[in-house]
Protein chains: 2
Amino acid sequence: MIDIDLLLSWGAAFKKISAGDIVFNEGQSCFFYHQLVSGTVRWGNIDEEGKECIHAMVEPGESFGEFPLFDDAPFAASAVANEDCVVIRLHKSTFIELLQENSDIHFAFLRLLSKRLRFKFSIIKSFASHCPEKRIATILNHLKSENKNFCGNYFQLNLTRQQIADMTGLRVETVIRTMRNMHTKGELVIKKGKVYCRNMIELTMA
Amino acid sequence: MIDIDLLLSWGAAFKKISAGDIVFNEGQSCFFYHQLVSGTVRWGNIDEEGKECIHAMVEPGESFGEFPLFDDAPFAASAVANEDCVVIRLHKSTFIELLQENSDIHFAFLRLLSKRLRFKFSIIKSFASHCPEKRIATILNHLKSENKNFCGNYFQLNLTRQQIADMTGLRVETVIRTMRNMHTKGELVIKKGKVYCRNMIELTMA
DNA sequence: CAGTTTTTATGCGTCTGGTCATAATATTCA
DNA sequence: TGAATATTATGACCAGACGCATAAAAACTG
């Protein structure tokens with residue numbers, strides 16, 4: 001999101017995080033702006049029974065956990081390194097100064113949060129439908145529009161069914177079964193367990 | 001949100017909208033900043049079968065439909081006057097100028113969008129649980145924290161069960177039944193069909 | 001105040017996603 | 001390469017939300 005050299009010139013520092021480790025936890029106070037440099041981060045809530053609700057898979061270049069920077073409340077969700085990661089961090093107060101100095105970046109964050117809310121709207125709409133296929137298609141289409149993992153014309157999904165389940169509020173078994181159906185209907189391709197999709201998934205409802 | 005006199009000094013204009021009329025529609029291009037002066041507005045999506053998915057009930061003083069101002073995409077949801085309304089509107093380009101001139105307001109919108117996203121996170125978390133009671137409690141607690149309709153110590157809910165259903169992705173019947181249960185368990189009070197709640201709803205799960 | 005409409009209430013059968021169990025693949029790593 | 005682990009796959013059963021029907025109670029309306 002923000003140019004790394006610019007961040008460094010304002011005093012930002014890199015931090016390594018090993019796979020499975022916590023970047024920050026829901027409920028904690030926030031002292032830094034966080035931006036992912038390499039690896040991937042799961043950003044979500046974990047309930048009492050250990051069930052995860054993933055709000056986003058953070059990719060390199062993206063910022064995450066910014067709400068507390070703007071509304072001064074604690075972290076709304078936890079960030080866990082999905083694989084070995086490098087994060088660049090800038091002190092909260094410095095970050096605010098940076099925004100004040102740099103109108104473009106300031107507007108960029110309004111744009112970012114707007115896009116996020118847009119995505120949340122579509123998620124909630126699909127959740128309201130109760131249809132597993134819609135929920136999954138919404139996530140898949142979003143990931144596809146964001147992502148760059150294309151093998152030929154096919155977008156390759158790098159998430160496990162469990163992670164899809166945690167992003168859609170469904171059970172693994174339901175996700176597996178539903179995606180098999182979608183494969184049968186030709187909405188996506190499953191080869192050796194891996195999922196590929198070509199076009200925007202238009203649901204062919206019964 | 002923004003001071004009305006300030007808006008007027010920048011050339012904003014009032015607009016009356018009758019109950020049931022559309023303020024703007026999902027998919028349309030956006031040319032104005034919208035802020036509600038009086039009345040209430042349902043902000044949500046309506047699917048093919050006419051089923052509504054309400055993302056927020058807008059109260060006087062609140063802005064709505066701002067995403068397109070920042071990310072230049074069409075409206076993500078439609079706004080319908082829930083009762084007779086007055087809206088104050090400012091041209092998009094003027095609004096952007098206003099933000100550039102006024103750093104406080106600029107930051108206020110970052111805060112606003114952050115709070116919205118926070119709320120959406122909690123909604124999605126509750127949707128993932130599949131438990132009607134959790135979904136309803138999440139909405140109720142949010143409305144309570146936002147709202148001012150207190151009769152004594154009791155917050156009075158001014159929404160129909162249908163509207164709660166449209167905000168929680170449940171059916172009316174499910175909402176009615178679930179809220180009756182919550183009444184029985186003492187989590188809220190229903191008198192003559194009207195719903196009142198006192199404290200934060202802490203769910204007493206079976 | 002009677003008549004109409006909206007909202008709340010309740011019963012019942014159906015359908016589907018959750019749950020648990022078990023097995024077959026893939027993948028990882030020594 | 002083979003053993004251990006993680007992931008995907010599939011069957012069977014069940015709880016609970018949905019969907020429809022019908023009725024009762026509130027809230028409007030003239």
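Chain A is the first sequence line, chain B the second, and so forth, proteins listed ahead of strands; every chain is numbered from 1.
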Worksheet item: For DNA chain D, whose closest nucleotide is more 5', that of G169(B) or that of T160(A)?
Response: T160(A)

Practice prompt. May I have the distance from I164(A) (atom CD1) to dT7(D) (atom C1'), rounded to whole angstrom?
Written response: 13 Å

Worksheet item: Take atom NE2 in H91(A); do more than 12 heavy atoms of anything else shown fall under 6.0 Å from it?
Response: no

Worksheet item: Do Y33(B) and Q35(B) have a side chain donor and acceptor closer than 3.5 Å?
Response: yes

Fill in: Cation-pi geometry met for R89(A) and F14(A) (6.0 Å, 45°)
no

Worksheet item: For E83(B) and T40(B), does a side-chain donor sit closer than 3.5 Å to a side-chain acceptor?
Response: yes

Worksheet entry | Whether F109(B) and F95(B) hold their rings parallel, tilted or perpendicular, with breakpoints at 30° and 60° | perpendicular

Worksheet item: Atom CD1 of I136(B) to atom C1' of dG16(D): distance rounded to whole Å?
Response: 14 Å

Worksheet item: How long is the line joining NZ of K192(B) and P of dA24(D), in whole Å?
Response: 19 Å

Worksheet item: Is any N or O donor-acceptor pair between the side chain of E173(B) and the base of dC18(D) shorter than 3.5 Å?
Response: no

Worksheet entry | Nucleotide dC18(D), atom C1' - distance to CD1 of I176(B) in whole Å | 14 Å

Practice prompt. Calculate the interatomic distance between K194(A) atom NZ and dT7(D) atom P; express it in whole Å.
Written response: 10 Å

Fill in: R161(A) vs dT8(D): side-chain N/O to OP1/OP2 distance below 4.0 Å
yes

Practice prompt. Would you kindly say whether D84(A) and S18(A) are connected by a side-chain donor-acceptor distance under 3.5 Å?
Written response: no

Worksheet item: Could you state the NE2-P distance from H130(B) to dG16(D), rounded to the nearest angstrom?
Response: 14 Å

Discussion item. Using OP1 and OP2 only, check whether a side-chain N or O of T174(B) sits under 4.0 Å from dC18(D).
Written reply: yes

Worksheet entry | Leading and trailing nucleotides of DNA chain C with any atom under 4.0 Å from heavy atoms of chain B | dT7(C) to dG18(C)

Fill in: Difference in axis direction between the ends of the helix from dC1(C)-dG30(D) to dA30(C)-dT1(D), five pairs, 10°
60°

Discussion item. Below 30° counts as parallel, above 60° as perpendicular, anything between as tilted: where do the rings of F67(B) and W43(B) land?
Written reply: tilted

Worksheet entry | Nearest-angstrom distance from the residue atom NZ of K51(B) to C1' of dA17(D) | 12 Å

Fill in: Full working for side-chain contact (heavy atoms from CB on, under 4.5 Å) between M57(A) and V41(A)
CA-CA 6 Å; M57(A) 295 291 299; V41(A) 163; over 6 Å; no

Practice prompt. Quickly work out the I190(A) CD1 to dT10(D) C1' distance and round it to whole Å.
Written response: 14 Å

Fill in: Distance-only polar pair, side chains of E187(A) and N181(A), donor-acceptor under 3.5 Å
no

Worksheet entry | R177(A) vs G193(A), nearer the 5' end of DNA chain C by closest nucleotide | R177(A)

